[in-house]
Amino acid sequence: MKSIKRLKHGIETPHPRKWELAGYEATLPITEKSNSITQGIDKSDTVQIVQLLKECDAEIFRKEDNLATNYKTLYSESILRTMVDTAKQVQELHKDPEDNLIVLSGCGTSGRLAFLLASSFNNLSKTAGYGYIIAGGDKALITSQELPEDNPDTGIRILKKISERKKKVMFIGISCGLSAPFVAGQLDFCMNNLDKFIPVLVGFNPINMARPDKIEGWHSTFLQVAERIQKLHNLHKAYIINPAVGPEGIAGSSRMKGGSATKILLETILLAAHQALANNSDITDGCLLDLLRRYEEALTITYSHNEKIAALVKHAGASLQQNGHIYYIGWKSLGIMGIIDASECVPTFGADFSHIRGFINNGFEEMANRDGDISTLGPEFAISHEDFLKNVLPTIHRNDTVVFIFTLNCDVAEIEKIAHQVKMSTINLFSISHGTVGQYMPKQLKKLFSIIISVTWPVMSFKYEGCYIQMFQRELSTKWILNAISTGAHVLKGKVYHNYMIDLKVSNSKLFGRALYILQKFTSQTQSRCFETLLQTIYETEELSEKIKNEEISKHIQHAASMNKIVPAAMVALMRNCSISEAKARLASCPIVREAIIVSDDSGHKQRKEHTEAAEEETDE
């Protein structure tokens, strides 16, 4: 049994592990490292998968340890102090909501959470005191838009327009790995206009681990931007909030722990500010700790349903293995959590948008996004329950999994009506429901679901009801459950090797670098050999021209963005020392990517061993 210690806050957290030791993948930032907890997740059963993900999520709440290196955690005094200072600034800005604004910005998961938080706190404050910016615009709320993440200029244009209308703006740039050029550009602009902006950087690496690579066509690296913010932070003119929460359960997949920690951290800051404003009280460390403990409780409550979550993972995995689909049918903000989880599977696991889809009651009207109804942009943007019933339900078959996500405060009669319609097409109908003590699901509705994950929350005091804390707990709990379902299903489908996503899309510079690292790690080949093989796979050629070799990375990414199985094909080619066409043929004959990699690795190891023995014999002679 793994060694654990009990924190005074009441949660069980793994002891500091290898990710904290300087020699372990020392060249990688924390957010890109492989987590030693999950290194065998690809060989685990569903109960073990959920347990491993729970252990990873528990690392968010770990405290400092004198035996570890000096990484700041969520409970570090300096982090709490910065959170308090940031909350005080939010409180001050909200005293004049007409002239001031808080803008949250990010890419991918971070951008989707920026949207969710802005919407939630606008509802809470009953004003338009919050705005959001997401790389790729509102399309990125529903689908993967990876290329815009590499452009540091696009977000600046939006900030310029905002600065013309507002007296003071707090800009919160979210980049889990301190790596996104899109966010770096906006932070740089804010630092050049401190009379108008208060820059805040949120991420989960130390500053010295910020991305040092040159940003194509721009004057700075993210590291340089972060170092500049650090100087302003020391002068109390900007803020950096960057606790280390440990590597992801699936290496580099910041949609998981990074997204959860972002939600916890920012909601804590913003809730504390609103609570202080409403009560005319001071913001203290104790206020923040009180809120953080609520999220710790959410972790305990959520994972008390381990066995049922694992059962749902098993059904979802079987659906993907049999070329079926997973559909999330959600209500209100829990519907948004389903849409977010589904959208992230495309770049992470090389999935098609149809493999996992999310739907929400009233579609974009419920989303209340800036661009409104964008359902005409394509089938993937048809996200209402009506769209599901009209376009998807007629195609449902027995291999599909359908998950209903709701609270017992929703329209239960409507839920039962839709569930009846779905039940006529598939028996694989499941639910994630949230209620408070004393609330129960009607018997007629319960009969419709094969598995029910019924999450029960304690009745909260008025001050927390007024601050939306229980709604945020339910959203986070749903996120953890859905992350487990989609991640576990793709593990069972063979899309994960050890704890690396081996079929990721090579659709921006970060993912290009990650692909290159994965090839080096598992093939033990040189960086130049891996780079050349990666390009051969992207351009589907055995001979690379000098022109291709000398192109900017952005050109390679544009070519690769819509392609599938780039990294697996390159891995097989390197492991077996074969052509790209042969590697693709082998993958085609073995659709489970992990198995194709293992077979190739075994064969490649044998070939390398024979080659080494032959060379030794020649030397002896």
Practice problem: Assess R357 against Y328: is NZ or CZ under 6.0 Å from the centre of the six-membered ring, and within 45 degrees of the ring's axis? | Solution: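 The answer is no, since R357 fails at least one limit relative to Y328.
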Output the distance between atom [atom1] ([X]) and atom [atom2] ([Y]), rounded to the nearest 0.5 Å.
X    : Y    : atom1 : atom2 : result
Y132 : I174 : OH    : CD1   : 13.5 Å
L52  : I41  : CG    : CD1   : 5.5 Å
N35  : I30  : CG    : CD1   : 11.0 Å
L116 : I340 : CG    : CD1   : 5.5 Å
K565 : K505 : NZ    : NZ    : 9.5 Å
D150 : I215 : CG    : CD1   : 8.5 Å

Are there more than 12 heavy atoms of other residues, nucleotides or ligands under 6.0 Å from atom [atom1] of [X]?
X    : atom1 : answer
Q558 : CD    : yes
K555 : NZ    : no
K263 : NZ    : yes
K584 : NZ    : yes

With under 30° as parallel and over 60° as perpendicular, where do the rings of [X] and [Y] fit, or are they tilted in between?
X    : Y    : answer
Y497 : F522 : tilted
W480 : Y303 : tilted
H355 : H325 : tilted
H315 : F430 : tilted
W331 : F406 : perpendicular

For the residue pair [Y] / [X], report whether a side-chain donor-acceptor contact shorter than 3.5 Å exists.
X    : Y    : result
E344 : T109 : yes
E475 : S333 : yes
Q48  : T46  : no
S144 : E146 : yes
N242 : K72  : yes

Quiz item: What residue among D373, I142, D387, L141 forms side chain to side chain contact (heavy atoms under 4.5 Å, CB included) with F381?
Solution: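 Looking at D373, I142, D387, L141, the match for F381 under the side chain to side chain contact (heavy atoms under 4.5 Å, CB included) is I142.
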Quiz item: Heavy-atom distance under 4.5 Å between the side chains of L223 and R211, does that happen here?
Solution: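 Sidechains of R211 and L223: no contact.
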Exercise. Carefully, step by step, assess Y295 and E267 under the rule side chain to side chain donor-acceptor pair (under 3.5 Å).
Key: CA-CA 10 Å; Y295 290 106; E267 285 174 357; 2.6 Å; yes
Quiz prompt | R586 (side chain) donor-acceptor with V572 (main chain) under 3.5 angstrom | solution = no
Self-check item: Which atom of D400 lies closest to which atom of T426, heavy atoms considered
Solution: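 Minimum heavy-atom separation between D400 and T426: O-OG1, 3.6 Å.
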Quiz prompt | Salt bridge flag under 4.0 Å for residues R255 and D341 | solution = yes
Practice problem: May I ask you to say whether R594 pairs ionically with D42, meaning some side-chain N is under 4.0 Å from a carboxylate O? | Solution: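 Result for this pair is yes, salt bridge flagged.
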Self-check item: Trace of the side-chain contact (heavy atoms from CB on, under 4.5 Å) decision for C56 with T38
Solution: CA-CA 8 Å; C56 281; T38 56; 3.5 Å; yes
Exercise. Decide side chain to side chain donor-acceptor pair (under 3.5 Å) for N499 and Q39; before the verdict, give the C-alpha distance in whole Å, the side-chain angles of both, and the deciding distance to 0.1 Å.
Key: CA-CA 5 Å; N499 58 357; Q39 285 180 356; 5.6 Å; no
Self-check item: K479 and S260: CA distance, side-chain angles, deciding distance, side chain to side chain donor-acceptor pair (under 3.5 Å) verdict
Solution: CA-CA 8 Å; K479 180 184 183 299; S260 301; 3.0 Å; yes
Quiz prompt | Verdict with reasoning, H434 to T478, per side chain to side chain donor-acceptor pair (under 3.5 Å) | solution = CA-CA 9 Å; H434 295 268; T478 299; 2.9 Å; yes
Quiz item: Taking only residues two or more places apart in sequence or in another chain, which ones pass side-chain contact (heavy atoms from CB on, under 4.5 Å) with N399?
Solution: Q322, H397
